[in-house]
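Indexing begins at 1, ligand by ligand and atom by atom, following the structure's order.
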Amino acid sequence: MNADTNMPYDQDIIAAIATAHGDGGIAVIRISGLGSHEIIEEIFVRNAKGSGVQEMEPHHLYHGQISDNTSSTILDEVLCTVMKSPNSYTGEDMAEIHSHGGHLVPKKILDLLLRLGARPANPGEFTLRAYLNGKMDLAQAEAVTDVVNAQTSEGLKQAELQLEGVLSEKIGQYKDKIADILAEVEAQVDFPEEDIDPIVTNRLVEKTNELLVNISMLTSTYEEGRIIKNGVHTAIVGKPNAGKSSLLNQLLLKDRAIVSHIPGTTRDFIEETVDVRGIALKLTDTAGIRVTDDEIENIGVKLAKKKADEAELIIAVIDSSTELNSDDMEILKQIREKKAVLALNKSDIKPKTTKNDLKPYIDEDKIAVTSAKLGTGIEELKDIVRDLLIRKTNKAESSEIVLTEMRHKLALEKSKDRLQAFLNSVDRSESPEFIALDLRLALDALGEITGEVTTEDILGRIFSKFCVGK
Ligand SMILES: Nc1nc2c(ncn2[C@@H]2O[C@H](COP(=O)(O)OP(=O)(O)OP(=O)(O)O)[C@@H](O)[C@H]2O)c(=O)[nH]1
Ligand SMILES: [Mg+2]
């Protein structure tokens, strides 16, 4: 058990199918815990005659068969590997059986392991054990599921950076700085009757302010990180016939939505996710917004407005081959308060509306001149979307970490508040014991991110989001 966490450690042997259920060439069944190798010994018959599991070199794959010793039947021909504590993912004795895939074989092998004393692993329990055994910290453990669930290359890159420990390292640097400041304050505790030397005070204040700037910079990356990790709800809106559905199809590179020359073609909304420059855009194509007597179309228009309201990003489509009318005006008014980009569409035909006409409503650099029919201007539109959502640095080339978890952001803010309280106490010339307390709380807040300070409740919440077998 990790000495720092004080979490109860469950000694059960756990087992699970680690690969996705369903059709597949190979499945991997995992088992972990003290005694797991003895279970493998009972069921794994190696092809090399006379050699058992004990002679297996850890981390090497061995060919053999899984045999159900109670019925003397062979379940499958497999490859098997064992790992010895502490050199395994969980830090415990582990084994992995690579069987044939599909529904039945892996399930039968798992059932056999359960019959011989293992219990089914809970979601994320292998990683929980890895964390409790100090194989990785909590921020790294959280990144494991982000790697599995990543929807875009950008999301994956951030998850991999966090898994490598880049965030933990940064938090560690902040912790070291606070510990330095704390050491200086504590050095004063022995001389309570004396005021702290003003030179020391100034140095501590300067160091703390520097740290506050760094923490604020990291905290401010959350908005971007959230977008990279979770994607962005995006509504495509515009008057009927502007080319919204054509644009959706262009972004998806497939004919998903019906396109026709009849205004009011899309009634219900259509949702699809597309990777735009590393960001998952959760696109909703909506009915053209206009005043209409058609009852069904009206329901669609209402829905479109609702979707636009709820969206984090709007792609407004304006038909440049027509003059701006009151329907366009309503949309242009609506996007003023939102994150929005504009596609000035149908650029392949003679324009009646130009970028100039739109200047009063939206910055020119948020307008892409497109032809959803020919597929031109789409790349420019994607660049505009990306720059609007993640503008600070070119993440594709940078190894800069951003915050992707609300939990981390809240902990950083808590730590910032404590550092601020420390500065206020220094300002009021409070006693060293008193001001040291705020520094310790600031340290604890950072410790929540990497998991030195945690509760069962927090762990439960984090690991319940994992899949079984991870
Ligand atoms: N010339 C030209 N025609 C386009 C372009 N984009 C769309 N169209 C045509 O405009 C018509 C309407 O396109 P849709 O994509 O169905 O338009 P919409 O905005 O989804 O329309 P509703 O669903 O009715 O609101 C179709 O005939 C398209 O082929 C374009 O860039 N250039
Ligand atoms: Mg449509």
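- For the pair Arg30 and Phe126, the cation-pi criterion (under 6.0 Å, within 45° of the ring axis) is fulfilled.
- Annotation: side-chain hydrogen bond (donor to acceptor under 3.5 Å, both in side chains) contacts of Gln250 (sequence neighbours excluded): none.
- Judged by the 6.0 Å and 45° rule, Lys470 forms a cation-pi pair with Tyr89.
- For Arg277, the side-chain hydrogen bond (donor to acceptor under 3.5 Å, both in side chains) partners are Glu379, Asp383, not counting sequence neighbours.
- A 6.0 Å sphere centred on NZ of Lys108 holds no more than 12 heavy atoms belonging to other residues, nucleotides or ligands.
- With salt bridges taken as basic N to acidic carboxylate O contacts below 4.0 Å, none links Glu169 and Lys175.
- Among protein atoms, those of element N, O or S found less than 2.8 Å away from the Mg ion (ligand 2) are Ser245 OG, Thr266 OG1.
- Around atom CD of Glu310, more than 12 heavy atoms belonging to other residues, nucleotides or ligands sit under 6.0 Å away.
- Protein residues with a heavy atom closer than 4.0 Å to ligand 1 are Pro240, Asn241, Ala242, Gly243, Lys244, Ser245, Ser246, Val259, Ser260, His261, Ile262, Pro263, Gly264, Thr265, Thr266, Gly288, Asn345, Lys346, Asp348, Ile349, Ser371, Ala372, Lys373, listed by chain and number.
- Heavy-atom contacts from other residues, nucleotides or ligands closer than 6.0 Å to CD of Gln334 number more than 12.
- For NZ of Lys355, the number of neighbouring non-hydrogen atoms (other residues, nucleotides, ligands) closer than 6.0 Å is greater than 12.
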